Amino acid sequence: MNKVRVRFAPSPTGPLHIGGVRTALYNYLFARKHGGDMILRIEDTDQTRFVPGAEAYIIEAFAWLGIKFDEGVHIGGPCAPYRQSDRKPMYREYADRLIADGWAYYAFDTPEDLDAKRKEYEAEKKTFQYDASTRGMMCNSLTLPDMEVQQRLNGGTPYVIRFKFPANTEIRVDDLIRGEVTVNSDLLDDKVLFKSDGMPTYHLANIVDDHTMEISHVIRGEEWLPSAPLHVMLYKAFGWESTMPQFAHLPLLLKPDGNGKLSKRDGDRLGFPVFPLQWADPATKEVSSGYRESGYFPEAVVNMLALLGWNPGIDQELFNIDELVELFSLDRISKSGAKFDLKKAHWFNHEYLIAKSDEELAKLFAEILQEKGLSADFGYIIEVCGLVKDRVNFVSEMWGQASFFFVAPQSYDEEVMKKRWKENTPDIMRDVKSILNGLTDFSEQNIHDALHAYSEEKGLGLGQIMIPLRIALVGGTYGPDLQVIAHMLGKNEVLNRIDKILTK
RNA sequence: GGUCCGUUCAUCUAAGGGUUAGGAUUCAAGAUUUUCAUUCUUGCCAUAGGGGUUCGAAUCCCCUACGGACUACCA
């Protein structure tokens, strides 16, 4: 087998969609698994859809995710340039070659002509297709006398170059995921390969680039399956059949609710990111959320994405990227589309969060504290993180679980107060205050022993003591062990907080 | 409309003709926790429908239904 070389080839028309990220990930895993190369190529043949910043966004997104390329626009390589607009001069000769060999022809039909034709057909409830059955009545180098064609070409009349599909031919695409797909050429239209603006279309540029870059496997989304026969025919037309890459068309990522392909709007509508990084549309200023900014760990996103449409066939679900590389294989990719599951995405992030060290989390949490204008001993923050990490899915949720470690509660959960703050509670709290005040060593053990002794002495249920005390210290009935909290806050703070709730 | 692809619990999926159809997430219950969460245990929940082939079908074939993609001088 030749060396594995795969590419991810996005269009810089906006932020990278999470489905595209998955496609890139599968390419990456496949390349690593087989010791091959992973290439980042930018397909910007449509100048009208170019969005500034999109290319940089794509590169930054992969850097964040830890998906590394061996060659590409950002790092160069033996097949440079890797941006199709920079490769523009080389495509023309390939189009000419196709024409010379009778695989393509010039077409002079204007967009208006084509539009009119389509309308005409539509009126008869038919669909117009530029193909073997209709090209004879259109304005092209097949119907015009050679001289006129030359005149038009020389005179600067706009034209496109179309692929000339042979009539009634079965075209077979061998897909690594779907098996054999056969289509009759009569169903395909004479696709434009070269546009009137001098740029190739995706189809031409793609095949030329994949060939010259010696791509061995084309792993891309299922939306490309319908044009795969054209691509196969192009390889044939160029005489590159023997080195044609193998195809693998990935199932689509679907909306979590209802049906259809996951789209940009779904994210905002359903509250989850569709993009790896936050993106502000330069034209509309509209901001779309990103996984990074939402607090997802890149490893969690990679793990989750890897399992959306592929699985290793074992019960394990948590894998780091090296394990994924080790286990990955194209034949375990499923054929049907996968719906994004927000809850499971949260779970993945939770698993990666609790696997992190308290210190790592403390670094992240310290940033949040800083934003709130709070500071604390780093050792203390580490301890807090250790206490609350298994209760959250995101670092950003830690504040909600741990604010009382840094500031006294500003309010008390009313519902809990109503239920738990009884008539005799103030008296109990006063007792508790003086008991705690009497402790010289404010250790967890001492606090525990003192409160238990008090409970027995007075014949009070622990709940009557501990829950009000918890409300005083925390603000509600949640949080880690109360003795631990009290110890960490320190005697003065504990006494102050009891005072505060008593005088409220 | 046409072409192509697809269809196992709510969701991601396992089971490459023979299992009580397995796991994970979600949800629910119980245990633990003086709180909340964690954790543990348990439970609920699926082969789209109909025909074949076969001793035997989630698995192979056909039809139907449903879903999706594509159908641009966009990728």
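Sequence lines set the chain letters: A, B, ... in the order given, protein chains first and strands last, and positions in each chain run from 1. Computed from a prediction, not measured in an experiment: that's the story for all the values here.
A:Arg92 forms a cation-pi arrangement with A:Phe194, by the criterion of a distance under 6.0 Å to the ring centre and an angle within 45° of the ring axis.
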Atom pairs under 3.5 Å, N or O on each side, protein against nucleotides 26-32 of chain B: can you list them with distances?
none

So which protein N/O to nucleotides 37-42 of chain B N/O distances come out below 3.5 Å?
unit_1: B:A37; atom_1: N3; unit_2: A:Arg391; atom_2: NH1; d: 3.4
unit_1: B:U38; atom_1: O2'; unit_2: A:Asp390; atom_2: OD2; d: 3.2

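Nearest heavy atom pair, residue A:Tyr91 against residue A:Ala205, reads CE2-CA, 3.6 Å.
Between the C1' atom of B:U35 and the CG atom of A:Leu387 lies a distance of 15 Å, rounded to the nearest Å. Look at CG on A:Asn140: it is 15 Å from C1' on B:C73, rounded to the nearest Å.
Separation of the P atoms belonging to B:C27 and B:U38 is 9 Å when rounded to the nearest angstrom. Separation of the C1' atoms belonging to B:A58 and B:U19 is 12 Å when rounded to the nearest angstrom. A gap of 34 Å separates the P atoms of B:U53 and B:U13, to the nearest Å. B:G22 and B:U47: their C1' atoms are spaced 13 Å apart (whole Å). For B:G49 and B:A65, the P atoms lie 16 Å apart once the distance is rounded to whole Å. The gap from the C1' atom of B:C4 to that of B:A57 amounts to 27 Å, rounded to the nearest Å. Distance check on atom C1': B:U54 versus B:A48 gives 23 Å, rounded to whole Å. Here the separation of B:A72 from B:U3, taken at their P atoms, is 16 Å to the nearest Å.
Contact between the side-chain N/O atoms of A:Lys195 and the OP1/OP2 oxygens of B:A75 is found at a separation under 4.0 Å.
Judged by distance alone, with hydrogens and angles left aside, A:Ser196 brings a side-chain donor or acceptor within reach of the base of B:C73, the pair sitting under 3.5 Å.
In this view, A:Tyr26 satisfies the side-chain hydrogen bond (donor to acceptor under 3.5 Å, both in side chains) rule with no residue, not counting sequence neighbours.
Between A:Trp310 and A:Phe328, the ring-plane angle classifies as tilted under the 30° and 60° cut-offs.
Pairs passing the salt bridge (charged side-chain N to carboxylate O under 4.0 Å, His left out) check and including a residue from residues 446-465 of chain A, sequence neighbours excluded, do not occur. Under the side chain to side chain donor-acceptor pair (under 3.5 Å) criterion, the residue pairs touching residues 163-184 of chain A are A:Asn168-A:Asn184, A:Glu170-A:Asn184, A:Arg172-A:Asp174, A:Asp175-A:His249, with sequence neighbours excluded.
With a 6.0 Å radius and a threshold of 12 heavy atoms from other residues, nucleotides or ligands, A:Lys419 has its NZ atom at or below the threshold.
Between A:Tyr159 and A:Asn140, the side chains place no donor N or O within less than 3.5 Å of an acceptor N or O (distance only, hydrogens not considered). Side-chain contact check for A:Tyr478 and A:Asp413: no donor-acceptor pair (N or O, by modelled atom type) lies under 3.5 Å.
Rounding to the nearest 0.5 Å places NZ of A:Lys433 at 13.0 Å from CG of A:Leu469. Rounded to the nearest 0.5 Å, atoms CD1 (A:Ile368) and CD (A:Glu397) are 10.0 Å apart.
Contact check of residues 299-310 of chain A against RNA chain B (heavy atom, cut-off under 4.0 Å) returns A:Leu307, A:Leu308, A:Gly309.
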